[in-house]
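Notes to accompany the following structure.
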Amino acid sequence: MPRFSVANMHGIHAILYALFDDQEKLDRSAMRRQVEVCLEVGVHGMAALGLATEVSKLTDAERRTVMDWVAEDTGGRVPLSLTIFGASVAEQIAQVRHAEGVGADWLILQPPMVGQYGAAEYIRFFGRVAEATDLPVAIQNAPAFMGRGLSSSEISDLVRQHPNIQLVKGEGPVVDIAGLVEATDGKLPIFNGRAGLEMLDNLRIGCRGLILAPDCIDYAVAAYDSFQAGDEDVALETYRKMLPAVVSTMQGLENLLCYGKRLFALRSRMTIHDRGPVLRPNAAGLAMIERFAADLGPLRRGVQTRAQILRNN
């Protein structure tokens, strides 16, 4: 049974990068340090094996290893979600069983990355996997990145048919997410992503929070906490501080994995090694990321805006 209820899921959850060593193998110490940094800055949840974790580049055994590591390092301190990747129902259910075994609190189902099918086929697929577990399940609806997705009304139908599909991991603009909120009468917890683009407006329309890679996550946590405390001016100023980096890194998934990962590394004093194929950084991109890192400072809890500093003085 999960340790955290869906009713209490909220806030900024970190979706971990896959960190490799110079032999392109998963780096145990780097992955542990990434979890530690995220917990230190106050994330409200931990997630792994989504698009930012380069899940399609990992073997089945490596995906299980990541589950083991992240569960061990998170240690039940915040809710843990694990994304389930696989080309068939059987493959995904096998991943579900491992996620259950390590103590995941909820699961995120990705559509199978084989072929192109109509909505009815994806609804059947998601439903069969969801029925195999008692854990709360979300679906990842990211048509812009995955080339597969469901409409708001189709998601509403899916949720009605399968009661343990209780959340949605979105990857879309506010205007699209607002349609999903309306189609589900605001009763379905939704976490958006997209590196934090339109973050405050996502919260205004009713999103429970966002699932973000960790490069700017300390500012996202601070902005979220200020917003929830009713101080939207401070939330906006904090968000504006991170926004140039968010816009720059979120030019596409490959761009995020190249430059967002390096921004995280600069801010946490780590070294990045890629597993090919991958977008390789160029001099202009690296210079830009270095400027963002210098402006944002080290990843830390309790980042303050200029207005907060002046107010406290």
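When a residue number appears, it is its place in the shown sequence, counting from 1.
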Looking at [Y], is its backbone amide N or carbonyl O close enough to the side chain of [X] to form a donor-acceptor pair, meaning the two atoms are under 3.5 Å apart?
X	Y	result
Thr249	Gly260	no
Gln92	Gly86	yes
Glu40	Val35	no
Asn202	Cys207	no
Asn141	Leu150	yes
Ser248	Pro244	no
Arg63	Leu58	yes
Lys57	Ala18	no

Is it true that [Y] and [X] share a donor-acceptor pair across their side chains at a distance under 3.5 Å?
X	Y	value
Asn192	Glu198	no
Ser156	Arg160	yes
Thr65	Glu62	no
His162	Asp157	no
Asn8	Ser5	yes

So, are [X] and [Y] salt-bridged, with charged N and O less than 4.0 Å apart?
X	Y	answer
Glu121	Arg148	no
Glu100	Arg97	yes
Arg280	Glu254	no
Glu171	Lys169	yes
Arg64	Asp68	no
Arg33	Glu36	yes
Asp274	Arg262	yes
Glu54	Lys261	yes
Lys241	Asp218	no

Answer whether the closest heavy-atom distance between the side chains of [X] and [Y] falls below 4.5 Å.
X	Y	value
Asp233	Glu237	no
Phe125	Pro111	no
Val129	Val96	yes
Ile93	Thr133	no
Phe20	Asp27	no
Ile139	Ile165	yes
Ile15	Thr53	yes
Met31	Tyr17	no

Please report the shortest heavy-atom distance between [X] and [Y], naming the atom on each side.
X	Y	answer
Leu26	Arg275	N-NH2, 4.2 Å
Leu188	Gln166	CD1-O, 3.3 Å
Ala245	Cys216	CB-SG, 3.9 Å
Leu82	Ala99	CD1-CB, 3.8 Å
Leu212	Ala220	CD1-CB, 3.7 Å

Are the aromatic ring centres of His10 and Phe191 under 6.0 angstrom apart?
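For His10 and Phe191, the ring centres are not under 6.0 Å apart.
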Roughly how far, to the nearest 0.5 Å, is [atom2] of [Y] from [atom1] of [X]?
X	Y	atom1	atom2	answer
Thr271	Asp21	OG1	CG	11.5 Å
Thr238	Met199	OG1	CE	9.0 Å
Arg267	Leu299	CZ	CG	4.0 Å
Tyr259	Gln251	OH	CD	11.0 Å
Leu16	Cys38	CG	SG	5.5 Å
Met113	Ser56	CE	OG	7.5 Å

Could you tell me how the ring of Trp106 sits relative to the ring of His13: parallel (under 30°), tilted (30 to 60°) or perpendicular (over 60°)?
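Rings of Trp106 and His13: perpendicular, as their planes differ by over 60°.
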Run the numbers on Met67 and Leu49 for side chain to side chain contact (heavy atoms under 4.5 Å, CB included), then give the verdict.
CA-CA 8 Å; Met67 291 183 187; Leu49 295 174; 3.6 Å; yes
